[in-house]
Amino acid sequence: QVQVVESGGGVVQAGGSLRLSCAASGNTFTNYAMGWFRQAPGKELEFVAAISWSGGSTNYVDSVKGRFTLSRDNAENTVYLQMNTLKPEDTGVYYCAARLRNWPRASPYEYDFWGQGTQVNVSS
């Protein structure tokens, strides 16, 4: 069993930045790829970014490329999603998930353990 806990959400104006953190415990951290998903009100869950075991491979949805950066610190069992130049359409609940495979997949069905989510609100 893996426990996943997100933090770092909040309210920010458009153009601002936030850094989300995701701490995982309960298994060897380097055994799994990590992903971020988000869900805006009234919309479906959307893939945001994912990172491989080592951090050497990342995957981003097109809408965040060049603005978001996903990294991981395996010594701290934590992944970080640095979000810059935020837009109102980035608003939503952001979920972190762990996948007991290496590749940073975009489908939520590929992920085995999920956090409770952290709210991000970007005002215009």
Side-chain angles (χ1 to χ4, degrees):
Q1 190 73 14
V2 174
Q3 292 77 45
V4 178
V5 179
E6 307 95 336
S7 62
V11 180
V12 64
Q13 288 189 331
S17 297
L18 281 175
R19 189 177 79 159
L20 304 184
S21 299
C22 172
S25 61
N27 202 328
T28 303
F29 189 60
T30 50
N31 283 350
Y32 36 93
M34 301 293 293
W36 283 94
F37 296 79
R38 65 188 179 189
Q39 189 165 26
K43 295 190 176 181
E44 294 184 352
L45 191 66
E46 176 189 32
F47 169 74
V48 176
I51 191 166
S52 62
W53 289 344
S54 67
S57 180
T58 53
N59 186 10
Y60 296 92
V61 67
D62 286 346
S63 61
V64 308
K65 286 180 180 177
R67 300 189 297 122
F68 290 12
T69 302
L70 182 56
S71 61
R72 65 190 294 161
D73 184 339
N74 287 341
E76 296 294 329
N77 291 358
T78 302
V79 294
Y80 301 100
L81 183 66
Q82 179 65 44
M83 306 187 295
N84 298 328
T85 319
L86 282 161
K87 303 176 180 180
E89 52 264 44
D90 294 317
T91 292
V93 179
Y94 281 68
Y95 297 94
C96 182
R99 178 174 187 265
L100 294 177
R101 297 289 188 275
N102 184 32
W103 300 110
R105 301 294 192 188
S107 169
Y109 300 103
E110 300 272 4
Y111 289 79
D112 304 288
F113 303 100
W114 292 77
Q116 293 298 306
T118 185
Q119 179 72 46
V120 171
N121 288 322
V122 184
S123 61
S124 57

Query raised in the report: Taking side chain as C-beta onward, heavy atoms only, is Glu6 less than 4.5 Å from Trp36?
Result: yes
Query raised in the report: With Tyr95, which residues qualify under ring-ring contact (aromatic ring centres under 6.0 Å, His included), at least two apart?
Result: none
**Report entry** Which residues share a side chain to side chain donor-acceptor pair (under 3.5 Å) with Lys43, sequence neighbours left out
**Finding:** none
**Report entry** ring-ring contact (aromatic ring centres under 6.0 Å, His included) against Tyr60, all qualifying residues, sequence neighbours excluded
**Finding:** none
Report task. Could you check if a side-chain atom of Asp90 sits within less than 4.5 angstrom of a side-chain atom of Met83, using non-hydrogen atoms only? Result -> no
When the side chains of residues 113-120 are checked against the rest of the protein, which donor-acceptor pairs come out under 3.5 Å, sequence neighbours left out?
unit_1	atom_1	unit_2	atom_2	d
Thr118	OG1	Gly9	N	3.1
Gln119	NE2	Gly92	O	3.4
Gln119	NE2	Asn121	OD1	2.9

Query raised in the report: Can you tell if the side chain of Phe37 reaches within under 4.5 Å of the side chain of Tyr111, non-hydrogen atoms only?
Result: yes
Query raised in the report: Does the Arg72 side chain pair with the main chain of Ser52, one donor and one acceptor, at a distance under 3.5 Å?
Result: yes
Query raised in the report: Which residue pairs pass the disulfide (SG to SG under 2.5 Å) test with at least one member in residues 6-115, sequence neighbours excluded?
Result: Cys22-Cys96
Requested in this report: Can you tell me which residue pairs pass the disulfide (SG to SG under 2.5 Å) test with a partner in residues 36-82, sequence neighbours excluded?
Outcome: none
**Report entry** Side-chain heavy atoms of Arg38 within contact of Val64, under 4.5 Å
**Finding:** yes
Query - Asp112 side chain vs Arg101 backbone, donor-acceptor pair below 3.5 Å - result: no
